[in-house]
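Count residues from 1 along the sequence.
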Amino acid sequence: MRGNWTDFPWFSCSASIEEIVVEEGITTIGSHAFESCENVSAVSLPQGITVIGTYGFWGCESLTAIEIPESVVRIREYAFLSCVGLTDVILPDSVTTIEGGAFSNCPGLPGNVPVAKDTYSQHLRWVVTSDGVMTVSGDGQIPDMGGVYTEGEDGEPYKGNWNSLWISIEDSITKIIIEEGITAIGRSAFGSCGNLVSVVLPESLTKIGDTAFNYCLKLSDIKLPAGLLHIGRGAFMDTSITSVVIPENVEFLSQTAFPDGTEFTYEKTAHPTGTPLELTGNAGFEVSANAHRQNYVMYPVEDCGI
């Protein structure tokens, strides 16, 4: 079943269709297959279906429930767009990929329904549920995405995240949970998630890359894990964070990691003999001849949050 909306023989009578039964032997629901069948209230799909195509059920406004067969592995983008009556979706674990927007404008879905889901390089898995919660699991590093932190012609920080794995649904993400096993967050990984308000980081995390959470404008609080070593340039720039505790194991803290005026509390203390803190990056340092990657200057104990 493939083609444009008007290619299908039921196009002219789509408004009169109330039930769709797809029989055994069909393996793909093609793009636009049942688009705007607005009076369809029931759909039956057979085992053997592997893909539900782009806009496959777009605008089926009367559809209230759908059970996805266990043979399905991919639901393409906007497959159930504007199925405004949809309140019940049964999704088997066999579905490994749900492309962004697959369930956009389905306001009746309960909060635990996966609306976007995928894997990356066999070691990283992520899912976003209809309540805006994103969970990332696996091991190793979340890859670099987007652009390098630069300034545009107008002097404003560059906002680039064009190759994000989740760019199509980033505006729907309100909470991110990164599970144990993830060791690094790559460049611009979650940059521009403009509605993000909460982030949970694992104790296994050692590095937060450049601009990792840049332009997450509603993010106002972050708890950094004890094992963290590196906080990159612009990592939390252009957020609403006003204070943060820097764990004592941190070795690199960029000067531009947090918004201007952020109040820092350092768990690392100065050595009583006057040895400089082993903390690079120049954040809050008294000497700043180089804006990046310097090894200045000793903080008195009373200035270290002790």
So do V73 and V95 actually touch side chain to side chain, heavy atoms under 4.5 Å?
no
Next item on the list: Check whether the side chains of S188 and T211 place a donor and an acceptor atom closer than 3.5 Å, and report yes or no.
Entry: yes
**Asked** Any side-chain donor paired with an acceptor under 3.5 Å for T97 and D118?
**Response** yes
Any heavy-atom pair between the side chains of L45 and I26 that's under 4.5 Å?
no
>> In the structure I gave you, are the side-chain heavy atoms of I178 and I185 within less than 4.5 Å of one another anywhere?
In response: yes
Side chain proximity check, W166 to V128, heavy atoms < 4.5 angstrom: no
With sequence neighbours left out, the residues meeting side-chain hydrogen bond (donor to acceptor under 3.5 Å, both in side chains) with N195 are K218
So I241 and F213, do their side chains get closer than 4.5 Å, heavy atoms only?
no
Subject >> Centroid-centroid under 6.0 Å between F34 and W58 rings >> reply: no
Value for OG (S192) from CD1 (I167), rounded to nearest 0.5 Å, stands at 8.0 Å
Would you call D131 and N112 a side-chain contact if the rule is heavy atoms closer than 4.5 Å?
-> no
CD/Q47: more than 12 non-hydrogen atoms of other groups inside 6.0 Å: yes
Here the gap from Q141 atom CD to H123 atom NE2, rounded to the nearest 0.5 Å, amounts to 7.5 Å
So do E203 and E180 actually touch side chain to side chain, heavy atoms under 4.5 Å?
-> yes
Value for NZ (K175) from OG (S198), rounded to nearest 0.5 Å, stands at 5.0 Å
Query - Beyond-backbone contact of L201 with L224, side-chain heavy atoms, under 4.5 angstrom - result: yes
So, for F264 and F258, is the gap between ring centers shorter than 6.0 Å? yes
- Side-chain ion pair, E99 and K117, N-O less than 4.0 Å: no
The single option from F57, W10, Y78, Y55 that satisfies ring pair (Phe, Tyr, Trp, His ring centres under 6.0 Å) with H32 is Y55
